[in-house]
**Student:** 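One structure follows; several queries about it will come next.
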Amino acid sequence: MTASPPWLRYYGGVPHSIDYPDLTLYEALAASARRVPDSVAWEFLGTRSTYRDFLDAVDRFASALAGEGLRAGDRILVSMPTTPQAVIAFYAANRLGAQAALIHPLSTAPEITHFLDATGARIALVLDAFYGTLAAATPAKALEKIVVARIPEYLPPLKRLGFWATKGRRIAPLPADPRIRAWAKLIASFPPATQAPAGKTNDPAAILFSGGTTGLPKGIVLSNRNFIAQGKQAASWCGLGERDAILAILPIFHGFGLGVCVNAAFMGGGKSILVPQFSAEVVAKVLRKDRPNVLVGVPTLFEALTRDASLAGADLSCLTACFCGADTLPRAVKERFEAMVAAGGGKVKLLEGYGLTEAVTGIMATPLTEYREGSVGIPFPDMFAKIVKPGGTEEAPVGEEGEICIAGPAVMLGYLDDPQATAQTLRVHGDGREWLHTGDLGRMDADGFTYF
């Protein structure tokens with residue numbers, strides 16, 4: 001690896017390196033709240049919260065969790081869609097030095113049993129609609145507390161009525177379970193936490209789980225520094241700042257949803273528009289009404305948007321950065337989306353990126369000013385990528401296919417309680433740098449653009 005990677009010449013106005021504060025995620029959020037207290041931090045189906053109120057809610061729920069016995073080093077299982085409660089709980093646990101283990105809210109009881117056994121979590125946060133499945137889990141160490149949240153808790157009055165009429169009345173009443181704690185009561189009953197935040201920047205902050213395509217999902221342990229670095233990298237790449245908003249359509253239990261759509265916005269003092277259900281119809285409505293600047297998603301989302309009649313002729317000049325990941329972006333989808341945006345007065349291009357949960361999420365993307373067909377782009381600031389010959393650590397020649405390896409401050413601490421898998425995936429190469437072996441095949445051209 002050369003001292004000056006070839007891809008740096010394509011950065012444009014993006015900094016080659018970023019200064020990452022020596023903070024926890026909670027401390028970084030608090031710094032944004034001090035800087036822009038009256039700016040909107042998140043929006044959820046018509047409800048808004050300023051950074052001042054957001055931090056107050058985080059501090060109150062941190063007090064509640066401490067009152068329920070959560071301590072530094074403990075884990076809390078968060079089985080939630082992208083909602084205010086899930087976001088508040090993530091930063092509240094971090095304030096206490098605890099780790100949030102985020103899982104898909106539609107996980108089955110056996111899957112939840114595995115997640116609870118893997119993390120040892122004694123407290124869980126769940127939506128009322130999914131309480132029954134969580135309660136049916138049978139971990140070796142039984143759950144002690146189940147915090148139950150409800151969607152209407154953060155809806156405006158009219159939407160609250162609409163939710164009840166269409167969905168709420170179908171949700172089964174909660175049983176007389178002594179473990180249940182109501183979210184609304186907890187957050188209203190406890191004063192904001194006043195003790196000094198626990199933890200350091202290199203401490204574990206969250207546990208996300210791999211897809212589990214080759215067995216049980218592995219827990220991926222990510223640090224405060226991982227999230228702060230990746231968030232600042234993504235924000236600098238997209239130009240996401242205090243006056244900008246990003247659409248959080250990707251789920252919070254996914255690295256992209258949590259790392260970019262939520263945390264990256266908060267690191268820069270921007271707004272995250274929380275969407276609890278993946279739907280092209282909902283995205284189209286938010287694009288028209290709330291006008292986010294940054295939109296990230298998967299190819300099927302962008303294809304569906306191009307077929308949404310409501311966007312034909314809509315003002316799309318708000319969009320300044322659009323990125324697609326998780327699968328190959330067909331050229332036809334890219335061209336149709338860009339044509340739709342242009343017809344709506346926008347100039348943005350749909351660009352591809354690459355990442356994996358072992359590095360929070362996206363760690364490389366196409367520059368805003370340089371498109372190369374078939375490429376997933378170049379590494380973010382302070383991240384490195386190279387192609388090695390399969391099965392080894394020797395760098396492959398330019399243009400030759402091999403395993404994609406990445407290095408930098410976004411790379412995970414390791415797999416949860418699995419030193420063998422961690423040692424196989426994180427390896428120190430001859431250059432002295434620790435590299436993450438992704439298991440993905442790709443090639444790199446002479447300018448450092450990767451083709452996945």
Side-chain angles (χ1 to χ4, degrees), residues 42-46 80-83 104-106 151 159 162-163 166-167 211 234 238 240 244-262 264-265 271-355 361-362 365-366 368 371 373-377 452:
W42 55 259
E43 185 166 344
F44 178 74
L45 302 178
M80 295 283 291
T82 305
T83 63
H104 198 308
L106 296 180
I151 290 290
K159 286 191 176 180
F163 180 86
T166 56
K167 297 178 181 178
C238 299
L240 181 61
D244 299 305
I246 185 169
L247 185 58
I249 185 65
L250 297 175
I252 196 171
F253 55 83
H254 186 283
F256 217 129
L258 181 61
V260 175
C261 298
V262 170
K271 179 172 72 173
S272 179
I273 303 172
L274 309 177
V275 180
Q277 191 171 11
F278 189 93
S279 160
E281 182 183 356
V282 170
V283 173
K285 183 177 181 180
V286 173
L287 281 174
R288 297 192 313 272
K289 178 177 177 290
D290 298 314
R291 299 177 56 74
N293 309 104
V294 181
L295 176 61
V296 295
V298 295
T300 51
L301 170 68
F302 289 103
E303 181 175 21
L305 289 176
T306 64
R307 303 183 189 282
D308 191 296
S310 72
L311 290 178
D315 183 359
L316 300 177
S317 60
C318 57
L319 292 173
T320 56
C322 294
F323 287 93
C324 181
D327 203 351
T328 302
L329 173 65
R331 181 63 185 254
V333 173
K334 171 182 169 64
E335 291 176 348
R336 285 201 304 271
F337 179 79
E338 290 175 354
M340 181 185 74
V341 172
K347 300 178 180 178
V348 74
K349 301 298 181 183
L350 179 55
L351 305 175
E352 290 188 77
Y354 168 82
T361 177
T366 307
L368 297 181
Y371 175 71
E373 186 157 5
S375 173
V376 292
F452 171 55

**Student:** For Lys285, does the NZ atom have more than 12 heavy-atom neighbours from other residues, nucleotides or ligands under 6.0 Å away?
**Tutor:** no

**Student:** Could you give the distance from CG (Leu329) to SG (Cys324), rounded to the nearest 0.5 Å?
**Tutor:** 4.5 Å

**Student:** Between Glu352 and Lys334, is there a side-chain N and carboxylate O pair less than 4.0 Å apart?
**Tutor:**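 Salt bridge between Glu352 and Lys334, a charged N being under 4.0 Å from a carboxylate O: no.
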
**Student:** Roughly how far apart are Leu305 CG and Thr300 OG1, rounded to 0.5 Å?
**Tutor:** 9.5 Å

**Student:** Determine the minimum heavy-atom distance between Thr82 and Pro251, stating which atoms define it.
**Tutor:**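 What the structure gives for the nearest pair is OG1-CA, 3.4 Å.
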
**Student:** Just so I know, are the side chains of Val333 and Pro299 near enough to count as touching, which here means a heavy-atom distance under 4.5 Å?
**Tutor:**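 Side chain of Val333 against side chain of Pro299, heavy atoms only: no contact under 4.5 Å found.
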
**Student:** Looking only at heavy atoms, which two atoms of Pro105 and Pro81 are closest? And how far apart?
**Tutor:**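 Result for this residue pair: CG-N, 3.8 Å.
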
**Student:** Assess the residue pair Val348 and Thr320 against the criterion (side-chain contact (heavy atoms from CB on, under 4.5 Å)); give the C-alpha distance rounded to whole Å, side-chain angles, the decisive distance to 0.1 Å, and a yes or no.
**Tutor:** CA-CA 6 Å; Val348 74; Thr320 56; 5.7 Å; no

**Student:** I'd like to know whether Val283 forms a side-chain contact (heavy atoms from CB on, under 4.5 Å) with Leu295, so could you lay out the CA-CA distance, the side-chain angles of the two residues, the decisive distance to 0.1 Å, and finally the verdict.
**Tutor:** CA-CA 9 Å; Val283 173; Leu295 176 61; 4.3 Å; yes

**Student:** Can you list the steps and then say if Leu274 with Leu45 is a side-chain contact (heavy atoms from CB on, under 4.5 Å)?
**Tutor:** CA-CA 8 Å; Leu274 309 177; Leu45 302 178; over 6 Å; no

**Student:** What are the two closest non-hydrogen atoms of Leu301 and Ala280, and how far apart are they?
**Tutor:**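 Residues Leu301 and Ala280, closest heavy atoms: CD1-CA, 4.1 Å.
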
**Student:** Answer yes or no: is there a donor N or O on one side and an acceptor on the other, between the side chain of Asp308 and the main chain of Ser310, under 3.5 Å?
**Tutor:** yes

**Student:** Under a 4.0 Å N-O cut-off, is there an ion pair linking Arg288 with Asp315?
**Tutor:** no

**Student:** How long is the gap from CG on Leu247 to NZ on Lys271, to the nearest 0.5 Å?
**Tutor:**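 So the gap between those two atoms works out to 10.5 Å.
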
**Student:** For His104 versus Phe253, what's the shortest heavy-atom pair and its separation?
**Tutor:**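 For His104 versus Phe253, the nearest heavy atoms are CD2-CZ, 3.3 Å.
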
**Student:** To the nearest 0.5 Å, what is the distance between CD on Gln277 and CD1 on Ile249?
**Tutor:**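 Spacing of CD (Gln277) from CD1 (Ile249) equals 8.5 Å.
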
**Student:** Would you find a donor on one side and an acceptor on the other, under 3.5 Å apart, between the side chain of Ser375 and the backbone of Gly377?
**Tutor:** yes

**Student:** For the pair Tyr354 and Phe452, name the ring-plane relationship: parallel under 30°, tilted 30 to 60°, perpendicular over 60°.
**Tutor:**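 Aromatic pair Tyr354/Phe452 classed tilted.
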
**Student:** What do you reckon, is CD of Glu281 surrounded by more than 12 foreign heavy atoms closer than 6.0 Å?
**Tutor:**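 Atom CD in Glu281 is not packed in, count stays at 12 or less.
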
**Student:** Do you know which of Ile151, Ile252, Val275 makes side chain to side chain contact (heavy atoms under 4.5 Å, CB included) with Thr83?
**Tutor:** Ile151

**Student:** If I take atom CG from residue Leu287 and atom CE from residue Met340, how far apart are they, to the nearest 0.5 angstrom?
**Tutor:** 7.0 Å

**Student:** Are Arg307 and Glu303 within salt-bridge range, i.e. N to O under 4.0 Å?
**Tutor:** yes

**Student:** State the CZ-NZ distance between Phe337 and Lys349, to the nearest 0.5 angstrom.
**Tutor:**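 Answer rounded to 0.5 Å: 11.0 Å.
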
**Student:** Is Ser272 reaching over with its side chain to a backbone N or O of Cys261, donor-acceptor style, under 3.5 angstrom?
**Tutor:**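 Flag set: sc Ser272 to bb Cys261 pair under 3.5 Å.
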
**Student:** Applying side-chain contact (heavy atoms from CB on, under 4.5 Å) to Phe323 and Leu368, what does each step give before you reach the verdict?
**Tutor:** CA-CA 10 Å; Phe323 287 93; Leu368 297 181; 3.8 Å; yes

**Student:** Check for a donor-acceptor pair, side chain of Asp244 on one end and backbone N or O of Asn293 on the other, with a separation under 3.5 Å.
**Tutor:**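 Side chain of Asp244 to backbone of Asn293, a donor-acceptor pair under 3.5 Å: no, none is there.
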
